[in-house]
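Note on naming: letters A, B, ... go to the chains in the order of the sequence lines (proteins, then strands), and numbering restarts at 1 for each one.
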Protein chains: 2
Amino acid sequence: MLRLTQSEENYLKAIFTLSQDTEGAISTNELAEKMLTKASSVTDMLKKLCEKELLEYQKYQGCALTNEGKSHALAIIRKHRLWETFLVDKLSFGWDEVHEIAEQLEHIQSTELTDRLDEFLGFPKVDPHGEPIPGKDGRIESVSNRILLSESVVGMRAIIMGVEDDQTEFLQYLNKIGLHLGTQIDILDKLNFDGSIIVMINDKQVQFSITIAKQISIKPL
Amino acid sequence: MLRLTQSEENYLKAIFTLSQDTEGAISTNELAEKMLTKASSVTDMLKKLCEKELLEYQKYQGCALTNEGKSHALAIIRKHRLWETFLVDKLSFGWDEVHEIAEQLEHIQSTELTDRLDEFLGFPKVDPHGEPIPGKDGRIESVSNRILLSESVVGMRAIIMGVEDDQTEFLQYLNKIGLHLGTQIDILDKLNFDGSIIVMINDKQVQFSITIAKQISIKPL
DNA sequence: TTGAATTTTTAGACTAGTCTAAAAATTGTT
DNA sequence: AACAATTTTTAGACTAGTCTAAAAATTCAA
């Protein structure tokens, strides 16, 4: 397998995740924003990754991962989520403390290590934030009837199934209001003018902005 | 604490280990050989590390770590040895399979992670090769009456206490002849002309060159 | 459908780390 | 103490990844 730099790996991962909720090609600017870098840097990297056949790229037309590129991205995501699971399950870190460390650990090169870690953890299906962990073969087991909190309807009762993992402060906030994986919630109301959602959590009312509601996934009961 | 690149960390570690068995300053060439690089590259790096006050360096006079530099080096060695212990104890790797992976893991930046790993492993005192693991504070507990096999005398009976960890093939060879930590050996003979040592291991006679004998440490019984 | 706004690319520069080749300093030997 | 051998440094170049500023392409709106 092609050996990649950390930077190349980070680009692949970013393109993959952006592709998850975007139809068609990913634009240079979109990617630059995600990578906290400049469009010109992105262009350079796209040329290089295209050269290596990890993605398709045509000037001014954005990019899309090839199968090769996708499987690289999935391998990195697999490592990231396995390491997060290790940190929480074995080293007792909080779910809000592991993202940064996993960002480093995901670049460790050794398939053997990854697979043994997977086994050591008991082949977990999801990471501490509820995100599915891709298998050895890169397959992600589809998670049943999950929707975003932003797509819920008033009156619904649901279970918290997953949250975005990349903002420490967001996770700390969830901790503070007592929201964890498996927590039961009731959708009390939605405000039409700004999309805010009012939710009952452990007998307390909490209001989520639409931005937050898009970062939480739930399973309706 | 000062943030260092992987390359800078590798130089510090190399200088530290070379200093262990060399009196006075480490020469540029010596370091270049250890780092598998050119003397000119070493000179550049020494200037940079001197600038950062991690070592003392004067043109043509070699270098020596400052206390700051030493404690950085010890922190990296601590991480390396803890990760090796993790790989062998928890993920069932062989002692001959872990060096390369630990070379990557030793650069993960998180003191919290290191200390929790230490705890998870039960605060081990030595790694799978018998090398002592520096503590949080950088202190290495002195290992009692260990000598190099090369310094043994004929007729001596001893226990294997440690081996160099950085050559996979050497470790595989030791596996093959049934030599592990704790194995008992008898020194049968030493050949004056080349320094070879003939040893009895599990009722089998084995001959070690002086080069090998310097990479094995023992405790006389 | 054309001109303005936006997006994207190019050109050129910078840093970190490395290299080769040549110059300079040190060391060793007589 | 002087010269030869060795070691070390300097000078200049290269790659990867990034940046700024300017040019080019695309998109959008009147």
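Distances from the side chain of A:Thr5 to the nucleotides D:dA16, C:dA16, C:dT18 place D:dA16 closest. Looking at the side chain of B:Tyr60, the nearest of the listed nucleotides C:dT8, C:dA24, D:dC19 is C:dA24. Comparing C:dT7, D:dC19, C:dT9 by their closest approach to the side chain of A:Thr28 singles out C:dT9. Across D:dT7, C:dT18, D:dC19, the shortest atom-to-atom separation from the side chain of A:Thr37 is found for D:dC19. For B:Ala39, the side-chain atoms get nearest to D:dT9 when compared with the rest of D:dT9, D:dA24, C:dT18. When the nucleotides C:dT18, D:dT18, D:dT8 are ranked by their closest atom to the side chain of A:Ser7, D:dT18 comes out on top.
One can place CD of A:Glu51 at 14 Å from P of D:dT15, the figure rounded to the nearest angstrom. One can place NZ of B:Lys38 at 15 Å from P of C:dA22, the figure rounded to the nearest angstrom. Straight-line distance from the CD atom of B:Glu8 to the C1' atom of C:dT18: 14 Å, rounded to whole Å. As rounded to whole Å, 10 Å separates atom P of C:dT9 from atom CG of A:Asp44. As rounded to whole Å, 12 Å separates atom C1' of C:dA16 from atom CG of B:Leu49. Taking atom CD of B:Glu30 as the reference point, atom C1' of D:dT7 lies 12 Å away to the nearest angstrom. Rounded to whole angstrom, the span from the CD atom of A:Glu33 across to the P atom of C:dT7 amounts to 10 Å. Per the geometry, CG belonging to A:Leu31 stands 15 Å off P belonging to C:dT7, to the nearest Å.
Residue B:Lys59 has no polar side-chain atom (N or O) positioned under 4.0 Å from OP1 or OP2 of C:dA24. Close to D:dT9, at under 4.0 Å from its OP1 or OP2, lies a side-chain N or O of B:Tyr57. Neither OP1 nor OP2 of C:dT9 sits under 4.0 Å from any side-chain N or O of A:Lys47. Within the structure, every side-chain polar atom (N or O) of B:Ser27 is placed at least 4.0 Å from both OP1 and OP2 of D:dT7. For B:Tyr11 and C:dT18, the shortest distance from a side-chain N or O to OP1 or OP2 is below 4.0 Å. Put simply, B:Asn29 has no side-chain N or O that comes within less than 4.0 Å of OP1 or OP2 on D:dT6.
Counting non-hydrogen atoms under 4.0 angstrom, A:Ser40 reaches a base of the nucleic acid. Note on B:Ser41: a base of the nucleic acid sits closer than 4.0 angstrom, heavy atoms only.
Looking at A:Tyr11 and A:Leu4, their side chains never come closer than 4.5 Å, going by heavy atoms from C-beta outward. Taking the side chain as every heavy atom from C-beta outward, A:Leu105 and A:Phe86 never approach each other to under 4.5 Å.
Using a cutoff of 4.0 Å between basic side-chain nitrogens and carboxylate oxygens, B:Asp115 and B:Arg78 are scored as salt-bridged.
Below 30°, between 30° and 60°, or above 60°: for A:Trp95 and A:His180 the angle between ring planes is between 30° and 60°, a tilted geometry.
Between A:Gln6 and A:Gln61, the residue whose closest nucleotide on DNA chain D is further toward the 5' end is A:Gln6.
A donor-acceptor pair shorter than 3.5 Å cannot be found between the side chains of B:Ser27 and B:Asn29.
The CD atom of A:Gln104 sits 13.0 Å away from the CD atom of B:Gln104 when rounded to the nearest 0.5 Å.
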